[in-house]
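The next block holds one structure in the form of structure tokens; read it before the comments.
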Amino acid sequence: MSGGLLVAGTTSDAGKSVVTAGICRWLVRQGVKVAPFKAQNMSLNSFVTREGAEIGRAQAMQAQACRVEPTALMNPVLLKPGGEQSSQVVLLGKPVGELSARGYHGGRQQKLLGTVLDCLAELRSTYDAVICEGAGSPAEINLRRTDIVNMGIARGARLPVLVVGDIDRGGVFASFFGTLALLSPEDQELVAGFLVNKFRGDVSLLEPGLDMLHGLTGRSTYGVLPFRHGLGIDEEDGLRVSLRGAVRESTVAPPVGEDVLRVAVCAVPLMSNFTDVDALAAEPGVVVRFVDRPEELTDADLVVVPGTRGTVRALEWLRERGLARALVSRAAQGRPVLGICGGFQLLGEHIEDDVESRRGHVDGLGLLPVRVRFAREKTLTRPRGEALGERVEGYEIHHGVAEVTGGEGFISDDGGHSLDGCRVGAVWGTHWHGSLESDGFRRAFLREVAAAAGRRFVPAPDTSFAALREEQLDRLGDLIEQHADTDALWRLIESGAPQGLPFIPPGAPA
């Protein structure tokens with residue numbers, strides 16, 4: 001096999017990321033050497049590769065579905081929103097500046113087409129197949145001229161296109177037809193067919209509509225995937241804990257101890273890497289929810305202040321909503337609080353920010369003896385260390401540099417020297433994303449939380465976060481294998497879009 005495929009969608013959140021991961025896992029189980037690719041990703045949920053490059057977390061999980069190490073080639077352009085009007089542009093894993101939406105779409109984006117095509121070509125020279133993911137919809141006619149992630153990349157690399165539609169939302173037939181009919185003749189000839197996602201019920205009732213769709217468009221439907229709870233891999237954005245859904249829909253052992261542990265996550269603005277709490281949600285007896293009101297912290301045994309692309313803005317939001325007072329009160333009572341990355345920074349004494357918010361000196365919550373200065377260079381690392389007597393791994397993505405002036409160190413090296421973070425009583429802070437995925441450390445941390453909260457909670461001794469992820473990816477592969485026309489899909493990846501597909505008017509506006 002030597003080929004590729006672009007998985008597009010009728011809308012955002014149609015299931016492109018999940019379908020791409022499922023196809024990748026199905027192919028790798030057939031012995032195919034496969035890689036994922038997304039030319040441009042807009043997300044605050046990112047990951048750091050071994051070489052220190054920042055990419056979208058969805059592509060890192062798709063690489064795991066392929067059983068390969070993620071690289072910057074798999075997501076050459078990452079946009080990290082900093083507000084309604086601007087984003088940080090990360091090119092080949094490194095930040096290159098801030099741009100407004102107008103500035104990016106007005107010229108910068110199109111200039112990157114050659115770069116993303118080169119990255120895709122390099123992957124295709126190394127792997128048997130590359131499964132690409134689009135963004136939003138390929139029929140966003142206002143953006144087609146500068147597109148580098150949907151039909152722009154399909155045309156540039158001559159990739160066949162499979163359009164995914166979420167039937168659970170309704171209107172999937174109109175979405176399929178309308179998406180195709182708004183593309184130019186040159187774009188339409190690459191659209192091979194459709195894939196229905198999230199179907200509930202009897203497929204035989206859907207088949208007349210699929211036959212009519214084929215008659216109207218000349219395109220086949222390559223599969224109807226049933227609705228399944230908890231199948232999401234790491235999301236690009238949104239408030240959802242993916243593994244919590246997977247665990248709750250399967251048979252889960254009851255809590256080992258007598259009590260459950262309640263975790264409240266402050267839903268701060270521009271929240272980044274909210275998947276840090278997935279590992280907590282995977283634990284039997286741990287209940288995780290996102291909150292935005294101070295009264296929702298009352299019964300929480302642990303409050304997590306997660307990462308954010310806007311530390312100062314998040315700090316102001318906490319104060320405006322009364323959550324800051326609630327956090328200070330918790331700390332005074334010895335009740336557990338954990339700050340991660342931006343959440344760690346705002347728990348400190350003060351912040352000097354001439355980079356992200358450009359607000360200069362800003363007072364923090366004062367719960368940790370930490371002073372933060374924002375540097376222009378971004379820290380991007382994959383560190384390892386020890387905390388609470390257990391090995392811990394994570395990844396760092398931040399401009400803020402923390403100076404710890406007191407308290408206890410949180411994470412140390414093998415020699416006991418502090419590497420990161422700080423602890424004062426039941427308040428912890430760390431820059432390390434993903435640290436809770438280290439099973440031994442997570443269990444030790446939950447034991448500390450339970451003791452401080454006065455809960456008779458005992459972590460399960462055998463929960464493996466990595467194994468749960470693998471099970472989840474295998475379920476995605478099973479969906480493709482069992483509910484897609486894999487023979488037709490194989491031919492599509494290997495040989496490209498069928499010849500002679502009809503043009504459906506009116507096509508793209510002139």
Side-chain angles (χ1 to χ4, degrees), residues 6-26 42-43 45 58 61-62 65 131 133-140 150 161-182 191-214 216-217 219-250 274-275 278 281 290 471-486 489:
L6 175 69
V7 178
T10 57
T11 61
S12 295
D13 202 33
K16 298 183 293 291
S17 295
V18 167
V19 169
T20 299
I23 292 173
C24 287
R25 178 50 61 102
W26 161 66
M42 178 172 279
S43 178
N45 203 15
M61 286 292 285
Q62 288 163 357
I131 308 303
E133 180 188 343
S137 162
E140 291 168 348
N150 290 306
V161 179
L162 185 67
V163 180
V164 177
D166 178 358
I167 197 170
D168 195 51
R169 295 182 176 189
V172 74
F173 292 114
S175 297
F176 282 145
F177 185 88
T179 297
L180 183 65
L182 282 177
V191 178
F194 312 107
L195 186 76
V196 177
N197 193 27
K198 301 182 186 178
F199 179 72
R200 305 173 191 251
D202 186 345
V203 176
S204 66
L205 299 176
L206 190 65
E207 288 171 351
L210 300 179
D211 292 340
M212 284 187 276
L213 183 65
H214 184 271
L216 288 166
T217 67
R219 271 90 174 164
S220 299
T221 297
Y222 283 72
V224 177
L225 307 185
F227 189 99
R228 292 286 188 269
H229 290 282
L231 286 180
I233 61 171
D234 288 4
E235 301 290 328
E236 293 182 353
D237 280 305
L239 283 180
R240 203 180 64 77
V241 185
S242 56
L243 275 178
R244 180 180 64 185
V247 170
R248 287 187 172 177
E249 289 302 318
S250 59
F274 58 89
T275 46
D278 275 11
F290 289 92
E471 290 172 12
Q472 192 178 33
L473 292 169
D474 276 332
R475 291 175 70 200
L476 296 180
D478 292 343
L479 265 188
I480 298 299
E481 191 168 331
Q482 295 166 12
H483 300 282
D485 185 344
T486 52
L489 197 57

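Heavy-atom basis, side chains included; hydrogens, waters and symmetry copies ignored. Since the structure is predicted, the reported quantities are computational estimates derived from the model, not experimental observations.
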Run the side chain to side chain contact (heavy atoms under 4.5 Å, CB included) test on L195 and V163 for me, step by step, so that the C-alpha distance in whole Å, both residues' side-chain angles and the decisive distance to 0.1 Å come before the verdict.
CA-CA 6 Å; L195 186 76; V163 180; over 6 Å; no
Taking the side chain as everything from C-beta on, heavy atoms only, tell me whether [X] gets closer than 4.5 Å to [Y].
| X | Y | result |
| --- | --- | --- |
| V196 | T221 | yes |
| I480 | L225 | yes |
| T10 | S137 | no |
| T179 | P138 | yes |
| F173 | L210 | yes |
| R228 | L479 | yes |

Please report the interatomic distance [atom1]([X]) to [atom2]([Y]), rounded to the nearest 0.5 Å.
| X | Y | atom1 | atom2 | result |
| --- | --- | --- | --- | --- |
| Q62 | K16 | CD | NZ | 11.0 Å |
| N197 | F227 | CG | CZ | 9.0 Å |
| L489 | Y222 | CG | OH | 8.0 Å |
| L180 | R219 | CG | CZ | 4.5 Å |
| T217 | M212 | OG1 | CE | 12.5 Å |
| L213 | L206 | CG | CG | 9.5 Å |

Donor on one side chain, acceptor on other, N45 and S43, under 3.5 Å:
no
Any chance the side chains of E481 and T486 put a donor and an acceptor closer than 3.5 Å?
no
For A21 and A65, work out which heavy atoms get closest and say how close.
O-CB, 3.6 Å
Ignoring hydrogens and geometry, is there a side-chain-to-backbone donor-acceptor pair from D168 to R200 under 3.5 Å?
no
Before giving the answer on salt bridge (charged side-chain N to carboxylate O under 4.0 Å, His left out), spell out for D166 and R169 the whole-Å C-alpha distance, their side-chain angles and the decisive distance to 0.1 Å.
CA-CA 6 Å; D166 178 358; R169 295 182 176 189; 3.4 Å; yes
